[in-house]
Amino acid sequence: MEYNYKEIESRIRQYWKDKDIYRVDIDTERPKYYVLDMFPYPSGAGLHVGHPLGYIASDIFSRYKRLQGFNVLHPMGFDAYGLPAEQYAIQTGQHPEITTRENIARYISQLENIGFCYDWSRSIRTCDPGFYKWTQWAFLKMFGSYYDRKADRAMPVEKLTEHFAAHGTEGVDAACTKELSFTAAEWSAMTPKEQSDVLMNYRIAYLGNSMVNWCPKLGTVLANDEVSEGLSVRGGYPVEQKEMWQWCLRVSAYAERLLQGLDRIDWSDSIKETQRNWIGRSEGAEMRFAIDGRDDLALEIFTTRADTVFGVTFMVLAPESKYVDEVTTPEQRAAVDAYLDSIKHRTERERMIDRRVTGVFSGSYAINPLSGKKVPVWISDYVLAGYGTGAIMAVPAHDSRDYAFARHFDLPIIPLIEGADVSEQSMDAKEGIMINSEGPSLNLNGLTVKEAIAAAKKHIEEAGIGRVKVNYRLRDAIFSRQRYWGEPIPVCYVDGIPTACENLPLELPEIDKYLPTETGEPPLGRAKNWCTPEGWPLELNTMPGFAGSSAYYLRYMDPHNADALVSKEANGYWRSVDLYVGGSEHATGHLIYSRFWNKFLYDYGEVVEDEPFRKLINQGMIQGRSNFVYRIKDTNTYVSAGLKDQYDTTPIHVDINIVRDDVLDTDAFRAWRPEFADAEFILEDGKYVCGTAVEKMSKSMFNVVNPDDMIDRYGADTLRLYEMFLGPIEQSKPWDTHGIDGVFRFVKKLWSLYWKGDTLLVTDTEPTRDNLKSLHKLIKKVTADIEAFSFNTSIAAFMICVNELAQQKCTSRAVLEPLLVVLAPFAPHVAEELWHTLGNDGSVCDARWPEANDDYLKEDSVTMAVSFNGKARFNITLAADADAATAEATALADPAAARWLEGKTVRKVIVVPGRIVNIVVG
RNA sequence: GCGCAUGUGGCGUAAUGGUAGCCGCGUCAGACUUAGGAUCUGAUGUCUCAGGACGUGGGGGUUCGAGUCCCUUCAUGCGCACCA
């Protein structure tokens, strides 16, 4: 039998399908294990070789766990809502559902070709009403909840309304947009609309008027993680700050729990650190600075450097601060208005690129609560409205931003730390001994910075000037998108009051065009009869991309349940994801939102685990390797890469399929596109050598390698092995097809252990000790490697083992059969095929993972020469069970060593079995 | 600026503190071939007076012993960034 991978792989896949071998159900007799891949957005371009990297790794792990006797849940689905399908719909009029369905079909066929062990019966699509019903359900639950800080969990808003009716805001400690204060009587006197507005201030899913990232080109708002450096992540269009009414999720209420939870999960340090940064906890103090001559007004500021209060020489307000209007004096009114106007016209991006120091004096003075000194109040856009209170105390000596501002406007700078030279720059470091810090009620002089921070905070609280406060950088997530292709937000407006639509799913209506309406309403404004049966208008915004991906892992546990997102039974069994594999680019998006969503559901006992993903592996990105030709300017002549510097050239991407080993097939190039038909070439050594670059794999760079092509040329098993062989799974690396031949050779070599021509070589002969040693070395190594997620080293071990067995001419079934079991997770098709060849009835997927027997790995007795300290050489003989206590140097090999050892005693011999010996002498 | 990660042959990489470079690619030599982008065998870090010497970005340190641990420095990649 030849190794005919095409025939074998298609037959084996059919076998698995016929036997429905990957179907999983709850089985309380067996321990569960849940392995999940981040589900893909099915783009029109299909999968390239980079996508399966993580899927192959998780597939190996799933199969391994299954062979170990675990009941493994390993599903796959599709993140089907998204911008590309909608953009395509706008351009072509094609319904996004059609595009999406076609793309999903292509993805499924590509995935099936690789031989993954997914249970497709559990597959989900976020755009199915049966799925998004539960996305909407969770949203309504958030709409009906507030975050009680005392209980430290989400609670039904009814609790809050009861409390308001009985006690007003007295005793309420709830996460909110702004602190409110009213009595029970005042609450009862409010109109329903007013009460609704008050509750919006507390709801976890709320309608808020806030500064949002507005992308005019995309015609929608974006969440913070969808914006990078003032540009939209998708499309790269400019993003402006705009005040809009939007649905938001009060993610910030969970900031502390999201932070604390990181300590209990097995994720990489770098991704945990990224999340910690994103959450941005900082401990400090909030304190009040009274405005001179105004009994009714004090500026509330936040600082982490309470120790520097004596160095405050001015105050700064964000331009959007609510204080701005109040502190602006009539004399300064014109200047302030002019400044605010000039700021408004700058986009976020312009502000970021051009960090000029700008600002204006408000006319008012604030009084330093500790020193009693009067300091001017300024307005500047270097202070952010959205963080802390939107107002700061400026300490130019010890903050570089304040320093720049002080220098620019010639404001005083008072150093507070001994030896600090502030003539050129501020001293931001939190170290040194305090000076110039004595006031009527507090003296910090002589303390270290750390002591001073603590002392100042304590004093501020005791003196009633302010309080210790923790601030978070994490903002609430904007949850509205002015888009068609997303989950409808199940809210209607009853007399203008936002009200939950309890009848779910609220299905996405058909519309004639996918553009916003002429009046600027979102696309859903085009839907006919978009209202409740009672005639109340429905919300026109849809949910953002992260909505559908926030709880999908729960749905796989119980995908067809019509009565609940997941049944108690299914959730109680599968609990949470044991291993999650996906890209690190989701660190501040999906991976935060999912954790938040899960914790919210946990608060209500809807799920049993507080964290959704116990272990996370971030696979690296596979980049593309692009090829270039160099066109000489204004000609149709192309010069080889080595000679290009002699000409004025433009590099042009060339399809990697007409390049082999960086040498261009010039005929294929002429045939590639009409404009190259009569191309001329300047060659070197008779060849046209292309330039190369490592870039993102993309259609437009002609560097996409399709897994289907690889499977066609080498088979799925070789592709799987090669992708794992490339290097550590977490590492990003360019795809390089060179080297796949080596892996292909290995598979063929493996095959030839079993078959020589049409002769089956496997016999029932007793295995030799060497045979068993080779096998058990492999089992031990591969078991340890899989546990450590180190697949590249396992494959090296396979190569060594197969080479050894070939050299030993091993034909023993007792060795060649377990070899297949160990190989099955990596190369399942060929393992299954040979498993059947050996006469096994069932599938290799249901075999038992063999255990490594250390007895086969021990050396008999070893004599080795050892050099020590560069001085001595010994011959040491070790018995098979030698250890440090019993081994002894038995003979001295040379006279020099003998002299060195003379008069000394061998104290200790340290042995690493079969390897190194260290001799400690006294 | 802050944080995280990574620096090893021509290349991808490997080494519980214990012979640095396993495995693969590439290269060289040989075998078998009408032929090879097939297969098989062997060699392949650098220098070398052939005994060795030097080698894991640089500099220190701990250790009998350091690619590995500690300090420091440089370089690259990623994340956050006017967050007070």
Side-chain angles (χ1 to χ4, degrees), chain A residues 224-225 228-229 268-282 284-285 301-306 308 312 315-316 318 351-352 355 357 380-395 398-402 404-405 428-429 471-475 584-585 587-588 618 620-621 660-661 721-722 725-728 730-746 748-749 752 781 784 788 790 792-803 806 864-872 907-908 910-912 914-921:
Chain A
N224 280 349
D225 69 285
S228 175
E229 297 183 358
S268 72
D269 287 343
S270 74
I271 205 143
K272 282 192 195 177
E273 210 46 43
T274 302
Q275 288 211 344
R276 285 191 192 106
N277 269 336
W278 188 257
I279 294 166
R281 182 183 204 272
S282 60
I301 61 98
F302 175 75
T303 181
T304 54
R305 292 295 300 274
T308 61
V312 173
M315 311 288 289
V316 190
R351 272 172 69 163
M352 235 178 276
R355 288 189 181 173
V357 177
S380 170
D381 67 350
Y382 85 88
V383 173
L384 301 177
Y387 184 77
T389 59
I392 61 150
M393 62 177 211
V395 185
H398 301 287
D399 183 289
S400 48
R401 296 154 302 185
D402 298 342
F405 195 83
D428 292 18
N471 252 322
Y472 301 90
R473 205 187 68 98
L474 183 73
R475 307 290 160 81
S584 59
E585 66 273 19
T588 55
N618 295 118
M621 272 232 287
R660 170 161 226 116
D661 297 340
L721 289 166
Y722 184 57
F725 186 63
L726 278 174
E730 287 99 335
Q731 228 161 76
S732 287
K733 56 231 150 191
W735 177 263
D736 180 6
T737 307
H738 287 116
I740 196 170
D741 291 301
V743 174
F744 191 44
R745 236 167 257 152
F746 157 74
K748 285 187 285 189
K749 209 177 260 182
S752 64
K781 173 83 176 141
S790 169
N792 54 331
T793 52
S794 307
I795 291 165
F798 275 114
M799 290 175 172
I800 293 167
C801 177
V802 165
N803 273 334
M864 59 185 135
V866 177
S867 66
F868 177 58
N869 252 8
K871 293 174 192 164
R907 286 258 174 89
K908 197 169 150 198
I910 298 171
V911 180
V912 175
R915 306 273 285 192
I916 287 301
V917 174
N918 174 36
I919 301 159
V920 180
V921 296

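These numbers were taken from a predicted model, which means no experiment stands behind them. Per chain, numbering begins at 1; letters A, B, ... match sequence-line order.
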Find which nucleotide of RNA chain B each of A:Ser790 and A:Ser584 is nearest to by heavy atoms, and output the residue with the more 5' nucleotide.
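The 5'-side residue here is A:Ser790.
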Nearest nucleotide by nearest heavy atom, which residue falls closer to the 5' end of RNA chain B, A:Asp399 or A:Lys733?
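Going by which nucleotide is closer to the 5' end, it is A:Lys733.
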Mind checking who B:C82 pairs with, Watson-Crick or G-U wobble, both distances under 3.5 Å?
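None - no nucleotide pairs with B:C82, as no candidate has both distances under 3.5 Å.
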Just to verify, what does [X] make a side-chain contact (heavy atoms from CB on, under 4.5 Å) with, not counting sequence neighbours?
{"X": "A:Thr274", "result": "A:Ala587, A:Thr588"}
{"X": "A:Asn792", "result": "A:Pro728, A:Ser790"}
{"X": "A:Ala797", "result": "A:Leu778, A:Lys781"}

Are A:Ser282 and A:Asn471 close enough that a side-chain donor and a side-chain acceptor fall under 3.5 Å?
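The answer is no; no qualifying pair exists.
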Does a side-chain N or O of [X] approach OP1 or OP2 of [N] to a distance below 4.0 Å, or not?
{"X": "A:Arg473", "N": "B:A81", "answer": "yes"}
{"X": "A:Asn471", "N": "B:A84", "answer": "no"}
{"X": "A:Gln731", "N": "B:U13", "answer": "yes"}
{"X": "A:Ser282", "N": "B:A84", "answer": "yes"}
{"X": "A:Lys748", "N": "B:U39", "answer": "yes"}

Does [X] reach a base, just sugar-phosphate, or nothing at all? Heavy atoms under 4.0 Å.
{"X": "A:Ile392", "result": "base"}
{"X": "A:Arg281", "result": "nothing"}
{"X": "A:Asn792", "result": "sugar-phosphate"}

Work out how far the [atom1] atom of [N] is from that of [M], and round it to whole angstrom.
{"N": "B:U8", "M": "B:C22", "atom1": "C1'", "value": "13 Å"}
{"N": "B:U46", "M": "B:U41", "atom1": "C1'", "value": "27 Å"}
{"N": "B:G21", "M": "B:A29", "atom1": "P", "value": "26 Å"}
{"N": "B:U62", "M": "B:C71", "atom1": "P", "value": "15 Å"}

Parallel, tilted or perpendicular, as decided by the 30° and 60° cut-offs, for the rings of A:Trp735 and A:Tyr722
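Ring orientation of A:Tyr722 relative to A:Trp735: perpendicular.
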Whole-Å gap separating [atom2] ([N]) and [atom1] ([X]):
{"X": "A:Ile795", "N": "B:G12", "atom1": "CD1", "atom2": "P", "answer": "18 Å"}
{"X": "A:Glu730", "N": "B:C4", "atom1": "CD", "atom2": "C1'", "answer": "14 Å"}
{"X": "A:Trp278", "N": "B:G3", "atom1": "CH2", "atom2": "C1'", "answer": "15 Å"}
{"X": "A:Lys781", "N": "B:C23", "atom1": "NZ", "atom2": "C1'", "answer": "10 Å"}
{"X": "A:Ile800", "N": "B:A14", "atom1": "CD1", "atom2": "P", "answer": "13 Å"}
{"X": "A:Lys272", "N": "B:C78", "atom1": "NZ", "atom2": "C1'", "answer": "18 Å"}
{"X": "A:Arg276", "N": "B:G3", "atom1": "CZ", "atom2": "P", "answer": "14 Å"}

Just the atom pairs and distances: protein N or O near nucleotides 25-29 of chain B's N or O, under 3.5 Å.
from, atom 1, to, atom 2, distance (Å)
B:C25, OP1, A:Arg745, NH1, 2.3

Less than 3.5 Å apart, which donor and acceptor atoms pair up between the side chains of residues 738-746 of chain A and the rest of the protein, not counting sequence neighbours?
from, atom 1, to, atom 2, distance (Å)
A:His738, ND1, A:Asp736, OD1, 3.0
A:His738, NE2, A:Asp661, OD1, 2.4
A:Asp741, OD1, A:Tyr714, OH, 3.3

Who pairs with A:Arg473 by salt bridge (charged side-chain N to carboxylate O under 4.0 Å, His left out), at least two apart in sequence or on another chain?
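With neighbours one apart ignored, the set is empty.
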